[in-house]
Each structure stands twice: as C-alpha cells, then as structure tokens.
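Notes to accompany the following structure.
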2 protein chains.
Amino acid sequence: MNNPLLDYPGYHLRRAASSRLAELGRHLDGLGLGVTEASILVLIDQNPDLSQADCGRLLSIQRPNLNPLIQKLIQRGLILTAKGQGRALKLRLTPAGHALTPDIIAEFQAHEARIYAAVPERFRADLVAILRSLWTTDGS
Amino acid sequence: MNNPLLDYPGYHLRRAASSRLAELGRHLDGLGLGVTEASILVLIDQNPDLSQADCGRLLSIQRPNLNPLIQKLIQRGLILTAKGQGRALKLRLTPAGHALTPDIIAEFQAHEARIYAAVPERFRADLVAILRSLWTTDGS
DNA sequence: TATTGTTATACTCTATAACTATA
DNA sequence: TATAGTTATAGAGTATAACAATA
C-alpha cells in the first residue's frame, strides 16, 4: 500500500499535532481537565485580571467558543470573575485553581520534554523557531 | 500580557497545524471538498481497490468515522465500490473522481510549497524528518 | 471467530450570526 | 459606536459501543 501523503510536511504536521495533543490530554485526565481548560488556567495564573476577550486572543479562541469553557471553570470553583472596564470581566484563580496550576505546569513541562526528546538532538535548539515559522496568521 | 505557552513547542505545533489545515481547507473550497475528503480521493487514486478499513488505517481514521465520508463521496459520484474479500468493499474512483484528482494534487503541492517557503532555508531539507519524529504512535 | 461495514452517540474544537450590556 | 459577554447553532474531527455480514 502506497501513502503519498507521507511525502508532505503538512500531513506530518497534522498527525504530529493531533497525536501529541491526545497524548497530553491523557496525561491531564488525572487532573480532570482538558488541554484547553488547563491552558486557560495557566494563562490566568500568569495574567491575573485577564479578560475573557484577551484570554481568547492569546489562545486564538473566539469569544463564543471560550465562554462555555470559562463558565465550566467557574462552576468547578477554579476561577472567579470581577467587574472590569466596560462589560469586561476580570478573571482570577480561586485558591482551588491556584492549587492546581503547579500540577498543570508540571504536566506541560513533562509534555514538552517528551517532544524535545523525540526529535533528533541537532534540531532541538531550533525546534520552537521552526514550529513558530510554520504558523499562519490569517484564518485560525 | 504574558503568554507562557509561547515557550512550548507543543503549543506551536498545535497552532501551526490548525492554521495550515484551515489554510488548505480554504484552498480546497473551490473543489467542493474538505481536506479529509480530498486526501481519501488521492489515496484511492494511488491505491485502486483499497478497502475502507485499509483507507482508514492509512489515514488513522477509525472505521465508524470514515464511513460517512465514503458514503458522501459515493453520493457525489466521485468513487464507487465493488465486492472484495469477506465483507470488504473495494474502492475505486469514478471518471469524475479521476478528473478531480490532478486538481487536488496541485493544491496539495501548492500547500506544501507554502509550508517549505515559510521555514528558514537551512531546515527545509530536514523538515519532513523533523515533523515525522514528532508523531506519537500510541493513541491517535 | 475475526474482520469489515454500518448505525448511533457523544465530546471537543471551530465558525457565524445575533442578542445584551457597558464605556 | 465599539467592545465585551452571551446564546444558539452548525460543522468538522474523534472516540466507544454495538450490530450485521462474510470469509
């Protein structure tokens, strides 16, 4: 059997991203969080009083898609809101949310270590630069 | 604002893959095909009499998820089936499907050219190898 | 019995439109 | 008016369970 897609970097990019994302998701199962939820918590941890809109811009998640995730985290008692400018809400971690972030960051770092370990050693120093160059800034 | 995720190769991997996939999707709009549908057609084109199960294995799409895509391509008159071993169905392109594949492959190659052009020149020769090393073979 | 095709279902991520609230 | 939050909805992609058909 002949798979012509194996010659395409775009195909490997897609497969690598989806398998690594699924792998990280499994490692976060123990914390009861999805990858996106965990990312939101880390982002709020390092940017207290971040608004939903800014949070979405940093993660490239559109407001209508981010909102239910935020509501879920509020209901779990991991984040809380305060009034900000205009209609904006300032997001902060609760003590429970704060207690969780070191474990999340540890999982993130273990994940990155696995990724670095997977690539040939001579490319490791440039890996972030290479992957960053692959982004597109237009749609999505 | 501080985005700690920008230090993580896994984050850039995910963002790069999703933006490039969306970009390819827009370029395929003119053919009336999604990225996955187009990939299936190319795969059948180069592997006539491929079964659904084998097609799914090559693309890492599970059978229950692949089936509706196949049905859609049959209904559009792009592929057809014949009896194979056991319950298996052999997949082939119709003349209409065959007429479409050169355009698909042209879009795929243009897509890959854009990706290669985006990375610093000294990494281009190794790009596929680097991305292939990032795959995980366990889940997804 | 093992494999394939099929249906149902559910969850995540993403996209668009439209509504409400506030500087 | 411009921005933020919210609701509804739709479409991909993916995962599991279960059933039918065939060597």
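Each chain gets a letter, A, B and so on, in the order its sequence line appears, and its residues count up from 1. Here the structure is a predicted model, which is why all the values come from computation and not from measurement.
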Q. What's the CD1-P distance between B:I61 and C:dG5, to the nearest Å?
A. 14 Å
Q: Calculate the interatomic distance between A:I70 atom CD1 and C:dC13 atom C1'; express it in whole Å.
A: 15 Å
Q.
Output the rounded distance in Å from CG (B:N67) to P (C:dT9).
A. 16 Å
Q: Classify the nucleic acid contact of A:Q62 as base, sugar-phosphate or nothing, counting any heavy atom under 4.0 Å across all strands shown.
A: base
Q.
Across nucleotides 18-23 of chain C, 5' to 3', mark each nucleotide with B, S or - according to how protein heavy atoms within less than 4.0 Å reach it.
A. --BBSS
Q: Ignoring the backbone of B:L89, work out which of D:dA15, C:dG5, D:dG5 is nearest its side chain.
A: C:dG5
Q | All pairs passing salt bridge (Lys or Arg N to Asp or Glu O under 4.0 Å) where residues 80-102 of chain A contributes a residue, at least two apart | A | A:D49-A:R92
Q: Round to a whole Å and report the spacing from CG of B:L33 to C1' of D:dG13.
A: 17 Å
**Q.** B:D126 side, atom CG; A:F123 side, atom CZ - distance, nearest 0.5 Å
**A.** 3.5 Å
Q) Phosphate oxygens OP1/OP2 of C:dT14: is one of them under 4.0 Å from a side-chain N or O of B:R15? A) no
Q. What pairs with A:T36 under side-chain hydrogen bond (donor to acceptor under 3.5 Å, both in side chains), at least two apart in sequence or on another chain?
A. B:R14
**Q.** Whole-Å distance separating the CG atom of B:L21 from the C1' atom of C:dA15
**A.** 14 Å
Q: Mind calculating the distance between CD (A:Q71) and P (D:dT7) to the nearest angstrom?
A: 7 Å
Q: Report the residue (A:L69 or B:D54) whose heavy-atom-nearest nucleotide on DNA chain C is the more 5′ of the two.
A: B:D54
Q) Residues in ring-ring contact (aromatic ring centres under 6.0 Å, His included) with B:Y11, at least two apart? A) none
Q. Sequence neighbours excluded, which residues qualify as ring-ring contact (aromatic ring centres under 6.0 Å, His included) partners of A:H12?
A. B:W135
Q.
Just the rounded figure in Å: distance from P of C:dA15 to CG of B:D29.
A. 13 Å
**Q.** Set of residues satisfying side-chain hydrogen bond (donor to acceptor under 3.5 Å, both in side chains) with respect to B:R114, sequence neighbours excluded
**A.** B:H27
Q. Mind checking what makes side-chain hydrogen bond (donor to acceptor under 3.5 Å, both in side chains) contact with A:R57, not counting sequence neighbours?
A. A:D54
**Q.** Interatomic distance where CZ belongs to B:R57 and P belongs to C:dA2 [whole Å]
**A.** 16 Å
Look for any protein N or O under 3.5 Å of an N or O in nucleotides 10-12 of chain C and output each such pair with its distance, or none.
none

Q: May I ask you to verify if any side-chain N or O of A:Q52 is less than 4.0 angstrom from the OP1 or OP2 atom of D:dT3?
A: no
Q.
Is any side-chain heavy atom of A:Y116 closer than 4.5 Å to one of A:V128?
A. yes
Q: Not counting sequence neighbours, list each pair that qualifies as a side-chain hydrogen bond (donor to acceptor under 3.5 Å, both in side chains) and has a residue in residues 103-113 of chain B.
A: none
